[in-house]
Amino acid sequence: MIIRHSLAFRKDKITLYPSVLMKDDNSLPTESSFSFQRGTYEEFYAKSIEKPKEFWNEHAHILDWHSEWHQVLDQRKAPFYRWFIGGKLNLSYNALDRHLTNYRRNKAAIIWVGENGDEKIVTYHGLLKRVNALAQAMRDSGMQKGDRVIIYLPMIIESVVATLAAARIGVVFSVVFSGFGAQALADRINACKAKMVITADGGRRSGKLIDLKKIVNEALEDCPSVEECIVVNHMNNPVEMVEDRDFWYHEVTAQKHVQVEPEWMDSNDPLFILYTSGTTGKPKGVVHGNGGYGVWAANTLKWAFDPSEDDRWWCAADIGWITGHTYIIFAPLLLGVTSIMYEGAINYPEPDRMWQIVEKYGVNILYTSPTAIRMLMRYGENYPSKHDLSSLRELGTVGEPINPSAWEWYYHVIGHGRCPIIDTYWQTETGGFIISPTANLGIGMLKPGSATLPMPGIFPVVLDENGEELGINEKGYICIKRPWPGMMLTLYNDDERYKSVYFSRFKDVYFNGDYAMKDKDGYFWLLGRSDEVIKVSGHRIGTIEIEDALVASGDVSEAAVIARSDSIKGEAIVSFVVPKIGVRKEGLQEKLKRDVRKAMGPILVPDEVHVIESLPKTRSGKIMRRLLKAVYLDQMPGDISTLENEASVTEIRESIERFRKEIKK
Ligand code: WT7
């Protein structure tokens with residue numbers, strides 16, 4: 001249902017989509033604006049939409065091509081759009097080799113900061129040497145163009161080396177977030193039948209060691225496709241190495257003076273697969289190619305943040321997510337920018353860690369998430385005020401809608417009112433930003449909580465249930481008309497699912513599952529997900545994955561998951577489980593949490609587990625999550641005429657009350 005009336009919208013905002021706290025007092029989006037110099041955005045954008053061929057012919061030259069394309073866009077097999085047909089290039093060449101012929105040779109490519117205070121600076125020249133050494137080692141172990149490698153590494157330089165080494169020889173890489181557990185890792189390895197895994201002896205997080213190799217060993221028991229595992233010695237942590245399968249990274253890359261000729265990739269050859277949550281079944285393997293993705297990554301970073309030659313850019317994301325792929329690795333290196341990479345938690349050992357890094361390294365552009373800002377905001381102004389933050393010129397955010405109060409804190413307390421807030425809206429599937437202010441083209445007016453205007457080449461529309469375009473301030477589904485170079489190529493090995501997830505809801509537009517509205521100035525306000533996908537600390541999680549993980553524990557016959565709002569994490573996970581006959585209820589909650597953590601990793605662990613006798617279901621047997629949510633939020637449940645077991649509602653209400661009393665104690 002689309003609610004057209006603004007007052008109705010005001011009410012519904014909190015009730016249905018608790019993550020979307022447009023303003024902390026639940027009033028309508030604020031109109032207060034912050035003005036910056038407006039440049040050439042309008043003209044530039046208009047050209048991108050009116051003359052896309054001409055536009056992309058020009059802007060694809062942000063990269064060096066081994067051979068030029070003969071056609072900008074092929075739409076014959078839509079929605080499988082193909083960009084820069086006939087063009088050949090290599091992204092590791094573009095990220096490294098091409099900088100060595102000029103003044104960037106000895107410039108820092110990556111400044112790495114360890115959680116324990118270690119620091120490593122790798123120049124463009126040094127990074128190329130490392131990439132060549134690993135690419136050679138991968139070749140020596142039989143990896144060929146098109147084969148898949150899983151990268152399961154903490155935030156260390158080797159993770160950048162590994163992606164670029166794979167890109168150099170045309171091996172398709174798939175990074176698995178190092179916070180995922182053994183089952184989640186095995187699922188991803190098996191889904192793409194990877195031949196090789198690159199991992200480490202451990203990672204650091206808030207002072208604790210994460211035993212990655214142990215998790216890999218466990219996962220590999222069920223992964224027949226994996227022939228070899230390369231292990232980085234990062235922590236001197238004793239690990240179990242399996243003979244003829246496991247090799248030390250420093251040993252296989254010991255040949256330091258190798259040169260590996262880049263594999264000239266077709267523009268539409270796959271570069272990587274990144275698994276991301278959907279509303280049904282196993283995670284989806286989003287496939288990005290070389291040409292379109294590279295062109296999109298480099299141009300979007302330039303347009304939105306306009307990094308200059310001697311800037312230090314810090315994207316404080318994890319390489320396990322698309323943000324890290326595009327904006328820690330590819331975009332900055334393609335542009336020859338210095339990218340800062342931090343290994344640990346941003347509040348460890350003290351809540352001023354982030355500000356300390358900004359000061360010490362003179363960070364010019366900081367890019368982080370609303371959940372991080374909310375967390376740091378909670379510690380108060382004393383922490384940032386201890387540090388000289390005057391190097392900062394722009395502040396970015398990504399991952400979920402940012403509450404205007406967090407926006408203003410970031411703007412005033414961190415940016416001292418000097419730095420525009422670049423709220424970048426995008427997704428794993430879009431490859432890079434799709435809605436964002438553009439420092440390079442002039443920013444103009446900013447409104448706290450709005451990601452502002454579309455990137456060049458992006459044509460967003462807001463549609464109602466029936467696919468009709470909505471008017472000003474009307475809330476609906478945000479969709480994108482027309483292809484853009486950064487869009488995914490497909491879902492790995494599943495063209496049908498690609499079509500059905502993104503292109504079947506409405507005709508001829510890309511549907512991404514988010515709610516939004518457009519205001520009178522054409523600004524977009526993102527209003528959270530319209531589907532069963534939730535955002536916990538900016539992590540995208542399908543409620544189905546949590547439900548599956550709970551059931552996989554073996555103790556429960558059924559599970560249902562909803563989200564509640566959380567002032568720091570954005571959303572928190574609330575689960576309802578029905579134990580199997582004969583399973584003891586005592587200690588069950590804790591056991592389930594442990595099981596989910598072990599198999600899937602900490603991000604899927606429910607914040608609340610309610611053990612009940614039955615779940616509310618329709619007569620046809622479908623779990624009524626909508627009703628669970630209404631009961632949880634103490635709201636009118638709407639139409640419940642199809643509810644079969646009314647008793648479950650009472651039981652759920654009691655369990656929630658008990659939980660709240662416990663918390664108060
Ligand atoms: C979903 C995509 C894109 C990199 C990080 C997450 C939400 C992302 C914003 C923003 C409002 C946002 C959307 C989107 N989202 N950025 N600036 N404002 N919502 O990538 O895991 O693929 O998640 O994150 O709901 O669909 P992802």
Side-chain angles (χ1 to χ4, degrees), residues 17 19-22 29 175 177 179-180 273-279 283-286 288 293 296-297 300-301 304 315-331 367-374 395-404 406-407 410 421-437 446-455 458 460 475 477-480 486-488 491 501-502 510-517 523-542 545 563 569-571 603:
Y17 319 106
S19 70
V20 185
L21 301 167
M22 296 307 304
V175 180
F177 175 53
F180 277 133
I273 307 168
L274 181 56
Y275 288 87
T276 188
S277 300
T279 50
K284 307 177 284 197
V286 171
H288 280 289
Y293 172 79
W296 193 250
T300 50
L301 180 62
C315 166
D318 194 285
I319 48 126
W321 313 118
I322 190 73
T323 313
H325 285 55
T326 307
Y327 297 108
I328 295 177
I329 305 175
F330 286 97
Y367 183 42
T368 185
S369 62
T371 191
I373 297 164
R374 288 191 298 258
L395 298 169
T397 144
V398 62
E400 55 185 310
I402 180 164
N403 338 38
W407 193 106
Y410 202 26
I421 305 295
I422 313 282
D423 178 358
T424 65
Y425 165 69
W426 57 298
Q427 306 178 294
T428 306
E429 293 87 338
T430 68
F433 314 144
I434 54 170
I435 297 183
S436 166
L446 291 177
K447 303 182 191 185
S450 166
T452 76
L453 297 164
M455 294 303 283
I458 298 291
K475 171 182 169 184
Y477 303 99
I478 183 163
C479 294
I480 302 168
M487 71 193 294
M488 78 196 118
L491 293 178
V501 173
Y502 305 102
Y510 166 77
F511 165 76
N512 72 14
D514 284 317
Y515 280 127
M517 64 177 203
Y523 278 44
F524 286 88
W525 297 80
L526 280 307
L527 304 171
R529 300 288 309 180
S530 67
D531 53 17
E532 299 298 330
V533 169
I534 62 177
K535 278 277 179 165
V536 181
S537 300
H539 301 311
R540 169 173 165 181
I541 306 176
E545 283 175 89
K569 297 200 286 188
E571 290 188 311
I603 64 168

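All of these numbers come straight from a predicted model, not from anything done at the bench. Whatever order the structure lists them in is the order used to number ligands and atoms, beginning at 1.
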- Does a donor on one side chain sit under 3.5 Å from an acceptor on the other, for Y367 and T424? yes
- Donor-acceptor under 3.5 Å (W321 side chain, T276 main chain): no
Give a table of atom pairs where an N or O of ligand 1 lies under 3.5 Å from a protein N or O.
from, atom 1, to, atom 2, distance (Å)
ligand 1, 15 (N), G399, O, 3.2
ligand 1, 16 (N), G399, N, 3.0
ligand 1, 17 (N), D423, OD1, 2.7
ligand 1, 17 (N), T424, O, 2.7
ligand 1, 18 (N), E400, O, 3.4
ligand 1, 19 (N), P401, N, 3.4
ligand 1, 22 (O), T428, N, 2.8
ligand 1, 22 (O), T428, OG1, 2.5
ligand 1, 22 (O), R540, NH1, 2.7
ligand 1, 23 (O), K535, NZ, 2.8
ligand 1, 24 (O), G399, O, 3.2
ligand 1, 24 (O), K535, NZ, 2.8
ligand 1, 25 (O), D514, OD1, 2.6
ligand 1, 25 (O), D514, OD2, 3.3
ligand 1, 26 (O), Q427, NE2, 2.9
ligand 1, 26 (O), D514, OD1, 3.3
ligand 1, 26 (O), D514, OD2, 2.5
ligand 1, 26 (O), R529, NH1, 2.8

- Could you please spell out the steps behind the side-chain contact (heavy atoms from CB on, under 4.5 Å) verdict for D514 and L527? CA-CA 7 Å; D514 284 317; L527 304 171; over 6 Å; no
- Salt bridge present between E571 and R540 (N-O < 4.0 angstrom): no
- Query: Got a sec, which residues hit ring-ring contact (aromatic ring centres under 6.0 Å, His included) with F524, two or more places apart in sequence or on another chain?
  - Reply: none
- Message: Less than 4.0 angstrom from a charged side-chain N to a carboxylate O is my criterion; do R374 and E400 meet it?
- Response: yes
